[in-house]
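One structure is given here, and the rest of the page talks about it.
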Number of protein chains: 2
Amino acid sequence: MSTSNRSAYHHRALRPALIAAARALLDEGGPEAVGLREAARRVGVSPTATYRHFRDKDALLAAVAAEGFREFGAALAAGQSAADPFAGMGAAYIDFALAKPGMFQLMFSPLLAAQAADPDLSAAADAAFALLRKRAEASAPGPFGGDIEATTLIAWSMVHGLSRLVLDGVLPREAAEGFKRAMLARPPGAGPATA
Amino acid sequence: MSTSNRSAYHHRALRPALIAAARALLDEGGPEAVGLREAARRVGVSPTATYRHFRDKDALLAAVAAEGFREFGAALAAGQSAADPFAGMGAAYIDFALAKPGMFQLMFSPLLAAQAADPDLSAAADAAFALLRKRAEASAPGPFGGDIEATTLIAWSMVHGLSRLVLDGVLPREAAEGFKRAMLARPPGAGPATA
DNA sequence: GGCATGATGTTATCGATGTCAACTTCGAAT
DNA sequence: ATTCGAAGTTGACATCGATAACATCATGCC
């Protein structure tokens, strides 16, 4: 009971508790719904207590996003072990976005680009992105031509674009299924389905 | 001087003026920087005057976004008249996003999906999206296979994903140039660059 | 032409948010 | 045991979106 016998004044694990609370808000109502005061309220602490652990609201969001990027990387790595590693990773990308829409939106929020100074966040993000590039490397020349750079760019753009279009409500969720099927129908190295 | 000899009490053109002000804010600081009060302040009117013309803040944003979608449609149509209409439209898509980042982000904000009840907004958005589909139709079977649905989905996802990755600061702006070049190198109907 | 009436703006206010400054409490090292 | 810094608290401020009640003007009707 190291967490429960706290002295009611000193929480002793406020930082992770705030991150968890912020994350719950994120899951419930998207990035807009995350608030410093509300997170503090849920943890049972005064609003300003948060400033002992985070410089400001954005720093809290950055911590949440860093967690997200770590899970994202794990999901991508897992998807890679499918029969078709290239399509498997793409499907994992899309599945992650649809399964954790709030987190995905936060992770790719322009707000987070401004938070690039946070080493924890950039490390987690870079690690996840490195997986994408590595996969493109291993699969190049892929279905889009020989250049590794181009393969990464195009494949990444495709899965990312589809994810966002669905999340933003432009395309229906079914579109994701059709997309994943199309990916599987065109294994890396295969030409266009001319027949 | 029909606009300047207003009676200082009745503005007589508040609605378009507020839209213009909101748009200026959007260009300056992105969607987050748009505020009802600030827009009213710039127009020289009291904050609550806005509620005579917009149900709430989201309605104002929807009006701005509708304008954006009309310009977006015009840009896409113009791009279509390039030597390669398919790649031309794709380039126009990306160029619009990079030229008007705040507007683009607003247009594809999940906030706007919730505002789908606005007929002006949905009409403008649908018109722009119809252009994409029509182009895919005219170019199918394109570089990705015969299905029109799939061609639309894949091409749209590609240009949209790249645009967002650049806007969100994940990819450098130069990536857009390389991307557009790759599009041109693979005209519709062409197979993969196996050589 | 004078006047009622509705559209358009205003003032006052509310609840909520992020943030700062000053104060309090507690745990641990000397 | 005392002290000292870390962790939380109270109180306050500026700002925001939104509502209610009031003021002003422009216009159509007689």
Side-chain angles (χ1 to χ4, degrees), chain A residues 1-22 24-26 28-65 106 109 111-112 114-115 118, chain B residues 1-22 24-26 28-65 106 109 111-112 114-115 118:
Chain A
M1 311 166 172
S2 68
T3 61
S4 62
N5 70 359
R6 52 188 165 80
S7 62
Y9 196 102
H10 279 18
H11 187 286
R12 290 297 277 174
L14 228 199
R15 199 188 141 94
L18 282 172
I19 294 178
L25 294 218
L26 186 64
E28 291 168 23
E32 312 270 322
V34 184
L36 267 193
R37 295 182 100 107
E38 179 64 22
R41 202 171 295 136
R42 294 206 176 190
V43 174
V45 94
S46 93
T48 52
T50 60
Y51 289 90
R52 294 290 156 190
H53 301 276
F54 302 98
R55 190 158 37 78
D56 55 10
K57 181 188 178 183
D58 287 358
L60 170 58
L61 289 179
V64 174
L106 174 66
S109 153
L111 188 159
L112 265 286
Q115 211 68 8
D118 184 328
Chain B
M1 312 170 176
S2 66
T3 62
S4 62
N5 70 357
R6 52 189 165 79
S7 60
Y9 197 101
H10 279 18
H11 186 287
R12 293 294 280 172
L14 227 197
R15 198 187 143 95
L18 282 172
I19 293 179
L25 293 225
L26 186 63
E28 291 168 24
E32 312 269 323
V34 184
L36 268 192
R37 298 182 97 105
E38 179 64 21
R41 202 172 294 135
R42 294 207 175 188
V43 173
V45 92
S46 94
T48 54
T50 59
Y51 290 92
R52 295 289 160 194
H53 300 275
F54 302 97
R55 189 156 38 78
D56 55 10
K57 182 188 178 183
D58 286 358
L60 170 57
L61 290 179
V64 175
L106 174 66
S109 151
L111 189 157
L112 266 287
Q115 211 67 7
D118 184 328

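Naming convention: chains lettered A, B, ... in sequence-line order (proteins, then strands); numbering from 1 in each chain. Side chains included, hydrogens not; waters and symmetry mates left out as well; all remaining heavy atoms used. Just so it is clear, the model here is predicted, and its values are computed rather than measured.
Not counting sequence neighbours, B/Gln115 has no partner by the side-chain hydrogen bond (donor to acceptor under 3.5 Å, both in side chains) test. Take B/Arg37 and apply the side-chain hydrogen bond (donor to acceptor under 3.5 Å, both in side chains) test, not counting sequence neighbours, and it matches no residue. Scanning for side-chain contact (heavy atoms from CB on, under 4.5 Å) contacts around B/Ala114 gives an empty result, with sequence neighbours left out. Partners of A/Leu111 by side-chain contact (heavy atoms from CB on, under 4.5 Å), not counting sequence neighbours, listed by chain and number: A/Asp58, A/Leu61, A/Ser109. Under the side-chain hydrogen bond (donor to acceptor under 3.5 Å, both in side chains) criterion, B/Arg55 pairs with no residue, sequence neighbours left out.
Regarding A/Leu14, its CG atom lies at a distance of 15 Å from the P atom of C/dC26, rounded to whole Å. Between the CZ atom of A/Phe54 and the P atom of C/dT17 there is a distance of 18 Å, given to the nearest Å. What separates CG of A/Leu18 from P of C/dG18 is a distance of 12 Å, to the nearest Å. The separation between B/Arg52 atom CZ and D/dC25 atom P is 16 Å, rounded to whole Å. For the pair A/Leu111 CG and C/dG18 P, the computed distance is 12 Å after rounding to whole Å.
Separation of atoms CG (A/Leu36) and OG1 (A/Thr50) is listed at 4.5 Å; rounding is to 0.5 Å.
Checking D/dT10, C/dA22, D/dA21 against the side-chain heavy atoms of A/Ser46 singles out D/dT10 as nearest.
At the phosphate of D/dA6, neither OP1 nor OP2 sits under 4.0 Å from any side-chain N or O atom of A/His53.
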Is there any protein nitrogen or oxygen under 3.5 Å from a nitrogen or oxygen in nucleotides 13-18 of chain D, and what are the pairs?
from: D/dC16; atom 1: OP2; to: B/Arg41; atom 2: NH2; distance (Å): 3.0
from: D/dG17; atom 1: OP1; to: B/Leu36; atom 2: N; distance (Å): 3.2
from: D/dG17; atom 1: OP1; to: B/Lys57; atom 2: NZ; distance (Å): 3.4
from: D/dG17; atom 1: OP2; to: B/Leu36; atom 2: N; distance (Å): 3.2
from: D/dG17; atom 1: OP2; to: B/Arg37; atom 2: N; distance (Å): 3.1
from: D/dG17; atom 1: N7; to: B/Arg37; atom 2: NH1; distance (Å): 2.4
from: D/dG17; atom 1: O6; to: B/Arg37; atom 2: NH1; distance (Å): 3.0
from: D/dA18; atom 1: OP2; to: B/Tyr51; atom 2: OH; distance (Å): 3.1
from: D/dA18; atom 1: OP2; to: B/Lys57; atom 2: N; distance (Å): 3.0
from: D/dA18; atom 1: O5'; to: B/Tyr51; atom 2: OH; distance (Å): 3.3

